[in-house]
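Scroll down for the structure; my scribbles are underneath it.
We name chains A, B, ... by the order of the sequence lines, and we start the count at 1 in each one.
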2 protein chains.
Amino acid sequence: MLRDFIIQAKAVSDETRVRILKLLEEGEFCVCQLMDILGMKQSTVSKHLGILKTAGLVECRKGGTWTFYRLSNNLINNYNLDFLKLLSSCLKDDSLIQQDKKKLREVVKQDVKILCTPKGE
Amino acid sequence: MLRDFIIQAKAVSDETRVRILKLLEEGEFCVCQLMDILGMKQSTVSKHLGILKTAGLVECRKGGTWTFYRLSNNLINNYNLDFLKLLSSCLKDDSLIQQDKKKLREVVKQDVKILCTPKGE
DNA sequence: TCACCATATCGTAATATAGAAATATAATAA
DNA sequence: TTATTATATTTCTATATTACGATATGGTGA
């Protein structure tokens with residue numbers, strides 16, 4: 001129904017959330033990793049992930065002390081997979097998205113324990 | 001690029017604008033007709049159409065004293081046609097959209113001159 | 001040419017939303 | 001069991017956005 005469609009559309013209408021979704025196309029990551037790549041504070045990243053999760057675009061699991069997020073591959077409502085599909089065919093050449101993915105490659109080289117633990121920012 | 005994608009996504013993130021786009025799937029209509037179907041004031045409808053036009057999702061032409069809007073079928077940016085395509089496969093069973101289309105059938109039976117002229121509201 | 005019409009645009013008020021600080025919560029680690 | 005960690009949630013501020021009334025604009029009709 002229309003409400004669900006609007007929820008999906010709004011979820012992909014924010015730059016930060018699109019960046020998150022494009023990163024999650026590469027795999028599954030925890031809040032800390034996304035914070036580092038996006039250069040944003042924990043509450044911001046967490047809030048955006050919440051919106052994406054509510055929209056059915058991402059799913060999460062607990063792994064040790066971390067929560068890992070990944071793209072959803074289940075039909076949650078009528079449109080979530082449609083939007084993810086559209087997104088996967090877009091933005092391949094976007095400079096910001098490419099920057100993020102470059103940074104991602106650096107981040108995944110680090111053990112998540114090391115990245116997340118030294119809160120010495 | 002990302003900016004264009006966000007503009008598209010925001011354009012289809014509003015209920016009123018989605019309703020307009022679904023109506024325009026049926027053909028080309030002027031602001032007066034859309035006002036009647038949607039039950040909204042002229043400035044509201046006009047403003048939404050402006051956003052859709054800027055996003056490259058609709059096009060318009062002047063016909064007499066009227067301005068007629070229709071869905072765009074030109075590639076204006078990287079994503080307009082993708083979004084229109086997604087939308088065309090969605091919401092077929094939505095009750096509000098069906099209501100609007102039923103109302104549309106009544107409206108198109110009336111000569112646009114008769115509908116628009118008697119501003120006696 | 002002037003009057004009128006259709007609609008684009010501006011201004012206002014109400015509501016929604018993003019980013020971050022502060023706090024609460026759930027779970028793990030010691 | 002208690003301390004610590006990761007993150008969800010709340011609160012706040014600034015900004016964005018919607019609907020409508022008022023006004024400006026472009027064009028047609030008389």
ask   = Within the pair A/Lys47 and D/dT9, is there a side-chain N or O less than 4.0 Å away from OP1 or OP2?
value = no

request  = Measure the spacing between NZ of B/Lys85 and CG of A/Asp82 and express it to the nearest 0.5 Å.
outcome  = 11.0 Å

message = Looking at C/dA18, I'd like to know if its phosphate oxygens (OP1 or OP2) sit under 4.0 Å from a side-chain N or O belonging to A/Arg17.
response = yes

key: Rounded interatomic separation in angstrom, taking CG from B/Leu49 and C1' from D/dA19   = 14 Å

ask   = Is the shortest distance from a Lys or Arg side-chain nitrogen in A/Glu25 or A/Lys22 to a carboxylate oxygen in the other one below 4.0 Å?
value = yes

ask   = If a stem is a run of at least 3 consecutive Watson-Crick or G-U pairs, both distances under 3.5 Å, which stems include DNA chain D?
value = C:1-30 with D:1-30

task = Could you check how far CG of A/Leu38 sits from P of C/dA20, rounded to whole Å?
result = 11 Å

ask   = Does B/Gln8 reach the main-chain N or O of B/Ala55 with its side chain, forming a donor-acceptor pair under 3.5 Å?
value = yes

ask   = What's the CD-P distance between B/Gln33 and C/dT7, to the nearest Å?
value = 9 Å

message = Nearest 0.5 angstrom please: A/Trp66 CH2 to A/Cys60 SG, how far?
response = 16.0 Å

N or O in side chain of B/Thr44 less than 4.0 angstrom from D/dC20 OP1/OP2 = yes

ask   = Considering the options B/Lys103, B/Lys101, B/Arg70, which one meets the salt bridge (charged side-chain N to carboxylate O under 4.0 Å, His left out) requirement together with B/Glu26?
value = B/Lys101

query = A/Tyr69 and side-chain contact (heavy atoms from CB on, under 4.5 Å): which partner among A/Leu24, A/Leu52, A/Val45?
reply = A/Leu24

ask   = For D/dA19, does OP1 or OP2 lie under 4.0 Å from any side-chain N or O of B/Ser43?
value = no

query = Does B/Lys10 or A/Val45 map to a spot on DNA chain D nearer the 5' end, using the closest nucleotide for each?
reply = A/Val45

query = How long is the line joining NE2 of A/His48 and C1' of D/dT7, in whole Å?
reply = 15 Å

message = Whole angstroms only, please: what is the CG-C1' distance between A/Asp36 and D/dA6?
response = 15 Å

query = Counting distance only, does the side-chain N/O of B/Asn74 pair as donor-acceptor with the main-chain N or O of B/Ile76 below 3.5 Å?
reply = no

request  = Establish whether the base of C/dA8 is bridged to the side chain of B/Gln42 by a donor-acceptor pair shorter than 3.5 Å.
outcome  = yes

ask   = Under 4.0 angstrom, heavy atoms only, what part of the nucleic acid is A/Thr67 near: base, sugar-phosphate, or nothing?
value = sugar-phosphate

inquiry  = Side chain of B/Asp14, heavy atoms from C-beta onward: which of D/dG27, D/dT18, D/dC20 has the nearest atom to it?
reply    = D/dT18

key: Atom pair distance, as rounded to whole Å: NZ in B/Lys41 and P in C/dT12   = 19 Å

ask   = Any N or O donor-acceptor pair linking the side chain of B/Thr65 to the base of D/dG27 at under 3.5 Å?
value = no

ask   = Any side-chain N or O of A/Tyr69 under 4.0 Å from OP1/OP2 of D/dA8?
value = yes

key: Atom-to-atom span, CD1 of A/Ile51 to C1' of C/dG19 - whole angstrom   = 11 Å

Among D/dA19, C/dA6, D/dA6, the one nearest B/Trp66 by side-chain distance = C/dA6

query = Okay, side chain of A/Ser13, backbone of B/Ala9: is any donor-acceptor separation there less than 3.5 Å?
reply = yes

query = Given C/dT9, is OP1 or OP2 found less than 4.0 Å from the side-chain N or O atoms of B/Ser46?
reply = no

request  = Let me know the distance between CD1 of B/Ile20 and P of D/dT18, rounded to the nearest Å.
outcome  = 11 Å

